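Just so you know, these numbers come straight off a predicted model, no measurement behind them. In what follows, every chain begins at residue 1, and chains take the letters A, B, ... in the order their sequences are listed.
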Amino acid sequence: MTQPLNEDQEQFRAVVDRFLTDKSPTTQVRRLMETDRGYDAGVWKQLSQELGLAGTHLPEIHGGFGFGPVELGIVAEQMGRHLYCGPWFSSSVMAGSMLMLGADEQGRESCLPGIASGESIATLVLDDLTAPARVGQHIHADLLSEGATLSGHAGIVTDAHVADLLIVVAGTGTGRGLFSVAPDTAGVEITPLQSIDPTRKLCRVNFEAAAAIPLGELSEAAMEAAWDYMSMALAFELIGSAQVLFDSTIDYMKMRVQFGRTIASFQALKHKSADLLLELELAKATVRQSAHELANGGQEPWLCSMAKAMAADACMSVARSAIQLRGGIGFTWENDTHLWFKRAKSSEVFLGSPYEHRERVMQMMERSVA
Amino acid sequence: MTQPLNEDQEQFRAVVDRFLTDKSPTTQVRRLMETDRGYDAGVWKQLSQELGLAGTHLPEIHGGFGFGPVELGIVAEQMGRHLYCGPWFSSSVMAGSMLMLGADEQGRESCLPGIASGESIATLVLDDLTAPARVGQHIHADLLSEGATLSGHAGIVTDAHVADLLIVVAGTGTGRGLFSVAPDTAGVEITPLQSIDPTRKLCRVNFEAAAAIPLGELSEAAMEAAWDYMSMALAFELIGSAQVLFDSTIDYMKMRVQFGRTIASFQALKHKSADLLLELELAKATVRQSAHELANGGQEPWLCSMAKAMAADACMSVARSAIQLRGGIGFTWENDTHLWFKRAKSSEVFLGSPYEHRERVMQMMERSVA
Amino acid sequence: MNGQEREAAIIAEVTEWISANWNPDLSLQAWREILVDGGWAAPAWPEACHGRGYTEAEASVVSRVFRQHQVVGAASSGPRGLAAETILAHGSDDQKKRYLRKILTGEHAWCQLFSEPGSGSDLAGSSTKAEFIDGRWIINGQKVWNTSAHHADYGILLARSDWDLPKHQGLTYFLIDMHQPGVEVRPLRQMNGHASFNEVFMTDAVVAAEDMIGGIGNGWAVAATTLSVERRGFSRDRSVQSFAGLSGRVYDEYQEEQRIANEPYTWYPQRAGRVDLILSRARETGAINDPHVRQEIVRLLSMRKGADLAAAGAAAMKKAGTNEVIPAGSIAKLAASEIARKAAHVHTMISGPEAMLAGSDSALEGTIAEILISVPAISIAGGTDEIQKNIISERVLDMPREPRFDTGPFRDIARNTADT
Amino acid sequence: MNGQEREAAIIAEVTEWISANWNPDLSLQAWREILVDGGWAAPAWPEACHGRGYTEAEASVVSRVFRQHQVVGAASSGPRGLAAETILAHGSDDQKKRYLRKILTGEHAWCQLFSEPGSGSDLAGSSTKAEFIDGRWIINGQKVWNTSAHHADYGILLARSDWDLPKHQGLTYFLIDMHQPGVEVRPLRQMNGHASFNEVFMTDAVVAAEDMIGGIGNGWAVAATTLSVERRGFSRDRSVQSFAGLSGRVYDEYQEEQRIANEPYTWYPQRAGRVDLILSRARETGAINDPHVRQEIVRLLSMRKGADLAAAGAAAMKKAGTNEVIPAGSIAKLAASEIARKAAHVHTMISGPEAMLAGSDSALEGTIAEILISVPAISIAGGTDEIQKNIISERVLDMPREPRFDTGPFRDIARNTADT
């Protein structure tokens, strides 16, 4: 059963909300999304060092806060709410979770403290963004007596252009391994790409016999667990975005007058709003529960995938309606709605489309019966 | 481009409509659906002998009218409109089309005249009702020096309990063949089944080395063509049903008062009605065009399957709303809405669900490119 | 006494009383007379009305002890609970005295006479006539959707006593004796073949002056109590203790009472779509291997899971004392409609042509067929989806109410002429 | 003369005229002066207004001959056609004389100044002020969604001349000179990065008394003409002859004219969802082998096919003289919205993570990305889906109109205060 936040968690949420309200208003989002780097180093420093958000869920022994998925979700929800521009998701959620769950002791010790403190910005290089089982087919590792070299490419990697550290999943012939690579290593090529959502920067990453440090073999279980963490956090981002869009749209309808009455008084729009509320509430409940499931290792391991699929669908429904119900103004650049719409559209397919995640749910359900 | 009906066709439509308005009011439908046989022999005689509807699309040399798919569609649409209870679809559309398209000369000559005149009631025994490619795997024919024997079963056969003639598709080891069997032959067992739609009677048919007359090998092309004919006619039935439900629902809403105003004045119901109209109009246009496609052998052979899928979806949408928009009264036995709802539900999966037909469309499109 | 001590005291007292009084070989009626006399039939009711003035929490402790000892409780099935709570809230001392005890003992069954053919979503549009003539009320009109009316001894009735006042002000609430010549109950068959409801025709039916409740013209306020009790019931667990396999006259008679009470509801699981059967059916037919069907199944299971979690979340929030802004009932009801519709669609897809069959010739002995022709009810009964969406948009989202066309004297308001 | 003879006569006459006059080496302007003088620029217009009073059918014969001989016709791009038809229907002789010729020759470009930030769906709610002071109209207010306003010489303007009359009665229609200090045109960027529209700010802008059209307070009737011309245009083919590869000054200048005119519309194919690309994209990515994607593709193609056939059917019915009860435009527009949304969904599914990319880094040089962020426009521009559903339910299905809250003096009607 979904728990309401306890007092500490509520306070934590409020702190993050206040911080981002202050540091990530849409004026700032609009400024940063037009830049190449895409984030503000000062805000990143405050966020990671003053608030410790880069290490929310990372182990205390590696410099993190040692919080669990619930608190990670709290942060992610606010990130989606305020459309934070910066490497938080890439570094803390993706690279951080993968290291925490998949790296060997030495790998965790060498990489996580920097990530947790925010001093080192990392990103996770996955050569497939659709499903965990497909990762590791386009980047291959040659293991040497000491170290390894990586060859291959990843078509879409978030924030690689500002990363101090690339965490890479690569095929090893016998399985998959986790590796770290410094971006300035010979044989590493990072090419910024244009993205549909300018608040999340994307790159292509090529390796040509690039020297890498092995961080251990990556078990299927660890890969799946990391995918759950990332999916869950992305689902929280999505419901954060969806909620702010939903609320602002209802507010707009109550203010906007046509034909001598507020458009909120038109029954067709009232019913549409009720439909959206329903879809959003069901998604929110599932997303919140997925964090508890992940924290407690419950009976429904598929909840993270279910949550990502529902959150993406709900957020896209709300985003589409947020434009439609505003009419022409909602389609303008000047209006902020499109910022969230684009984040939603991009997040819909990032780390597995709803379709991929539903298929994953089914597979997990079948395994649990077998 | 869809043609409006010409004067002759319009007149034909009006004749059929008048006849069924007179002979198949819902009082009659309700009476017949409670009987075991399920139809009125006198009306069947008039329908087939006075109006010639049992042979609308069957060749003149075999006693039919020699009309094409467009006129067949006109009849079928009225059948769906008036929920005609009787073996018309089984005998004329299913057995008739299959014989016309798939039987050898002798088979056509021996079977079609009786079907076209309505003196002989036939039905088509298919051992699979999902897709033409799957038919013929559960009934097997052993070809003898003279004649053949059939063994196996068909789980659902319409109107077999009142048939004078069973037309059967059976596997022959090397392919498929068409056969005729008299229902009283030794080794034939016909078991009436309860159906969700009591206006369309269903049976199970078992063969145990039952003597059969071979009517020729059945080519894949003939099987596919017959499926197109049947699907198209069923699609016309469905839009006939959908239209009568749609119109009666709009009328009801204009009359029904709640909160001091007709419920037709509530914007949410107006918009819902517009949505339904759109879905229905698109389905109708496609169904009508599918008859022309079938008549003229055009460039879009998939239109019959597209039409069946769209008509079934549209009819179910309208039927669901026809109940919902009437409120409680729409769920009562006394109200006629459920009669069409059940026909729609049954027709949705009869001769291929929308899902099967969409897959068939895709396969046909792929073949047309290759 | 703190909470724990209080609970222990209650447990001790009720346990002692049970061991002194419980006898499964009595008749059900006789046992319940003892139960009422002992004050344990409805501990949350006031002491003046057979109760003990317990809080809901305290009363639930009593229920728990009863269950532990497998002791049969007061009669509670059907609309009698609605009648009891309404009488408790609005009834005169005389009415409480005359009706409440026999509700608890099960001697009297009740039915609810609110909906009319001409006023469904718009309950306050009732046009059943109540005229005060020669010191008694004469009732004329027709009611509909009256579950268990054919078993009922009394009905709670909403009727119009004044046609010149505005709609909500001209209604009066009555307790009506169902066993009289002016009241005719006819079963109303549904499209799925069941007849869970009745129509009730009242022709010069009589209600004594002392059976009006809440005052003339105050019917809508009284009905609001009944409706809120009904709504609370929607989210409650319908399951009652079956005492299956236990012997004793009380148990036997209780089970017969339950059987009759549950008769109208046998198809209710089907109208909700039977999501519980989806996976096993898909395995059975092999449809589970189809990638498209898999998508549809997970969509359905996701909605179901989300709705369960949202309901549990709302309950937890309420418990935690957070201000509840969501009318959980309306959202749960709307979700239930969508889930049921989706489930019917997925069941159809899974069954294929077999979905044409019904009854014993079809899958699961007709259960699947019954789903397909019962699901349309869920989005209508107990308030249509459209009404729920009005409630959600107006009460949760605070969007403007619909403009009103039914102000002024009821006589002048547009309404249904025939039984449209 | 029967129809065929009449057609042959027209063909002969126009062919002869072309061979005597057509010269691709003239300037575009010079050629069109000849064209107008010859009476062939707009043969369907009245003889008094540069035309020949031809029927639409006759005029289309002329067009055909022009196309056959690859002769450039009168200027027709952008909103100038709306202006011309409106002036023809409501203008004074003087207005026709001053404006129509230069519309045909292309010397003057026009724009439409109807929508306002505060009145979008509700065009008649215009609150741009028109005051008659010292013999001229002084205009103050803001317009929006003004395609090509930055190239326009004149605008057709709807403004409020009387605030004490009911909404539709206080409007007046004007022809306004865009080249004056009181008119400021600002490009309005859309979420897809294009700037197809403008905002137009009028601050004490001046309209001469003789540039009011249709009379004071008659603006809504005049605007209705403009809107019906616009609606007819929606179902018309946008494609114009390109004369690509032909040499000659007229051709060169014509192509430049077209380039500028089409600039705002480059993304229009994308906002419609590009159903034409679906199958090839699905083959490219291999998604076509996925059973679930196949279903979604066929659903989409079915909607597209149904909409095309329904439109063709409506046209055929009209031609056959059947009473057309269906406002084919509204249904086609609503279908277009659903198709575009569905197409965006299917394109997303086909592209997978690649849908995160844009511009030259993405599929088809950014076309797919442009679809995804342009589709939201189609269900808004030219009348929202919601407005179309009102039209369909009220005009086709004859359901009651919405209750009105905007009667009485305009001054007293609730309206948007800021630019909400």
Legend entry - Residue B:Leu269 versus chain C: region with a heavy atom under 4.5 Å: side chain

Inset, instruction - Indicate yes or no for a side-chain donor-acceptor contact from C:Asn198 to the backbone of C:Val185 under 3.5 Å, with no hydrogens or angles considered. - result: no

Legend entry - Minimal non-hydrogen separation, B:Val257 against C:Asn416, with atom names: N-OD1, 2.6 Å

Inset, instruction - Report the residues that fulfil ring-ring contact (aromatic ring centres under 6.0 Å, His included) with B:Phe266, sequence neighbours left out, ordered by chain and then residue number. - result: none

Legend entry - Heavy-atom contact with chain C under 4.5 Å, split by part of B:Phe331: both

Inset, instruction - Identify the residues of residues 318-327 of chain B whose heavy atoms come closer than 4.5 Å to a heavy atom of chain C, ordered by number, or report 'none'. - result: B:Arg320, B:Ile323, B:Gln324, B:Gly327

Inset, instruction - Name the region of B:Gln267, side chain, backbone, both or neither, that has any atom closer than 4.5 Å to a heavy atom of chain C. - result: neither

Inset, instruction - Sort C:Ser115 into side chain, backbone, both or neither according to what part of it lies under 4.5 angstrom from a heavy atom of chain B. - result: neither

Inset, instruction - Give, as side chain, backbone, both or neither, the part of C:Asp412 having an atom under 4.5 angstrom from any heavy atom of chain B. - result: neither

Inset, instruction - Below 4.5 Å from any heavy atom of chain C, which atoms of B:Thr332 appear? Answer side chain, backbone, both or neither. - result: both

Legend entry - Among B:Ser265, B:Ala268, B:Gly328, residue most engaged with chain C (heavy-atom pairs, under 4.5 Å): B:Gly328

Legend entry - pair C:Glu116-C:Thr128: side-chain heavy atoms closer than 4.5 Å: yes

Inset, instruction - Is it possible for you to check whether B:Arg200 lies under 6.0 Å from the centre of the six-membered ring of B:Phe89, through NZ or CZ, and within 45° of that ring's axis? - result: yes

Inset, instruction - Select one option (side chain, backbone, both, neither) describing which atoms of B:Leu129 are under 4.5 Å from chain C's heavy atoms. - result: both

